[in-house]
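Down below is the structure, laid out as structure tokens.
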Amino acid sequence: MAERGWSALDPEPRVAVVILTVNQREKTLRVLGSFSPEERRRHRFLVWDNGSKDGTGEAVALAFPEVAVQGHGTNLGVASGRNAAAALAVERFAPTHLLFLDNDMVVTEGFVEALLAPFGRDPLLGQTQAKLRFLKDPERLNDGGGCRITFWRGRTHPVGFGELDRGQRDREAPCIACGGAMMVRADVFRELGGFDSAFDPFGPEDLDFSLRLQGRGYRALYVPRAVAYHEVGHTFGGGRYSGAYARAKARHWLRFLTRHGKPHQVAAFFLLGAPWAAARLVLREGRKGNLGAVAGTLRGALESLFRR
């Protein structure tokens with residue numbers, strides 16, 4: 001494990017902003033436009049186009065010629081897409097820090113600098129995370145301190161989710177960082193091997209990364225001075241809780257649980273949490289006639305258990 005941060009080794013930190021996108025041209029243009037022209041010149045930006053068919057790459061190159069765009073013919077998933085983008089950013093820009101930013105964000109002034117500043121005073125800080133408000137309800141918090149994980153119930157929940165933002169989450173604090181707006185030291189990212197592609201096509205690769213980072217002795221910090229607005233939504237499965245989505249979610253949760261949960265938490269999930277969650281799923285999706293989601297969850301759980 002590296003023992004020093006950029007303040008000791010490199011007086012001029014270099015940030016590469018990595019943005020993943022697929023078929024979301026307008027959102028991608030919006031997040032880039034939320035940075036000032038001076039910020040786009042000062043930092044390096046890389047948009048990884050994960051197989052878009054809507055002309056996202058061409059539109060970004062036309063509107064923001066200072067931004068690097070890399071297209072890929074297929075959707076690699078979140079973990080593999082971010083890993084590929086990070087590798088390319090390191091090759092092109094040699095950054096000291098990588099900022100992973102979802103394309104459905106809108107950032108505020110000084111966002112990058114706020115996330116970067118704490119690294120200079122803590123040599124064991126490996127990761128920082130922003131404060132997020134809802135884009136469509138900007139007085140309320142989407143994330144005010146990273147993620148709370150309740151292993152026995154099979155739930156992850158952002159700190160302060162849905163609260164009116166009255167400054168109650170304005171203190172820096174240790175956190176389990178979410179990947180939508182988080183910065184990580186490039187050397188630490190390399191040391192950990194990036195995000196685990198076993199969680200493709202989506203989550204919880206970000207929580208897994210933060211817990212692995214802290215398991216190596218690094219710290220993760222919530223930085224409320226870095227504020228972004230998040231247009232919350234999930235596009236996988238065409239906006240419906242599909243069978244494929246449910247299958248992957250169940251499979252990934254069991255992998256995450258057995259990797260990071262303590263023995264008593266794992267036992268409690270199987271004895272209490274799993275039956276409770278299954279009953280809620282059957283009632284909720286059954287009323288909608290969405291039996292594919294129920295079948296997908298069961299299939300994903302069985303796949304995870306029998307492939308161990």
Examine distances only and state if a side-chain atom of [X] and a backbone atom of [Y] form a donor-acceptor pair shorter than 3.5 Å.
{"X": "R153", "Y": "G273", "result": "no"}
{"X": "S34", "Y": "V31", "result": "yes"}
{"X": "H252", "Y": "F202", "result": "yes"}
{"X": "D196", "Y": "F209", "result": "no"}
{"X": "R25", "Y": "D54", "result": "yes"}
{"X": "R40", "Y": "F35", "result": "yes"}
{"X": "S80", "Y": "S197", "result": "no"}
{"X": "N103", "Y": "K27", "result": "no"}
{"X": "D143", "Y": "G145", "result": "yes"}
{"X": "R212", "Y": "G194", "result": "yes"}

[X] vs [Y] side-chain heavy atoms within contact, under 4.5 Å:
{"X": "P224", "Y": "R169", "value": "no"}
{"X": "D49", "Y": "V60", "value": "no"}
{"X": "I176", "Y": "L211", "value": "yes"}
{"X": "K262", "Y": "F151", "value": "no"}

Item to complete: Please state whether the rings of F100 and F189 are parallel, tilted or perpendicular, taking 30° and 60° as the class boundaries.
Response: tilted
Item to complete: Take the angle between the ring planes of F199 and F256 and call it parallel below 30°, perpendicular above 60°, tilted in between.
Response: perpendicular
If you compare all heavy atoms of [X] against all heavy atoms of [Y], which two are closest, and at what distance to 0.1 Å?
{"X": "R185", "Y": "P123", "value": "NH1-O, 2.9 Å"}
{"X": "P275", "Y": "F270", "value": "CD-O, 3.6 Å"}
{"X": "N23", "Y": "S52", "value": "N-OG, 2.6 Å"}
{"X": "A16", "Y": "A89", "value": "CB-CB, 4.1 Å"}
{"X": "Q129", "Y": "A177", "value": "OE1-CA, 3.2 Å"}
{"X": "Q214", "Y": "A220", "value": "NE2-CB, 3.7 Å"}

Worksheet item: What is the distance from atom CD of E191 to atom OH of Y218, rounded to the nearest 0.5 Å?
Response: 3.5 Å
Item to complete: Look up atom CG in L141 and atom CD in Q168, then write down how far apart they are to the nearest 0.5 Å.
Response: 6.0 Å
Practice prompt. Verify side-chain contact (heavy atoms from CB on, under 4.5 Å) between V159 and C175, making sure each step is shown before the conclusion.
Written response: CA-CA 9 Å; V159 173; C175 70; over 6 Å; no
Worksheet item: When you check the gap from the basic side-chain N to the acidic O, do D170 and K131 get nearer than 4.0 Å?
Response: yes
Worksheet item: Charged N to carboxylate O below 4.0 Å: is that the case for R133 and E139?
Response: no
Item to complete: Decide if atom CD of E172 counts as having more than 12 heavy atoms of other residues, nucleotides or ligands within a radius under 6.0 Å.
Response: yes
Worksheet item: Can N142 and F161 be said to form a side-chain contact (heavy atoms from CB on, under 4.5 Å), step by step?
Response: CA-CA 5 Å; N142 174 209; F161 183 88; 3.6 Å; yes
Worksheet item: So D200 and R82, salt bridge (charged side-chain N to carboxylate O under 4.0 Å, His left out) or not? Walk me through it.
Response: CA-CA 11 Å; D200 283 332; R82 283 177 172 164; over 6 Å; no
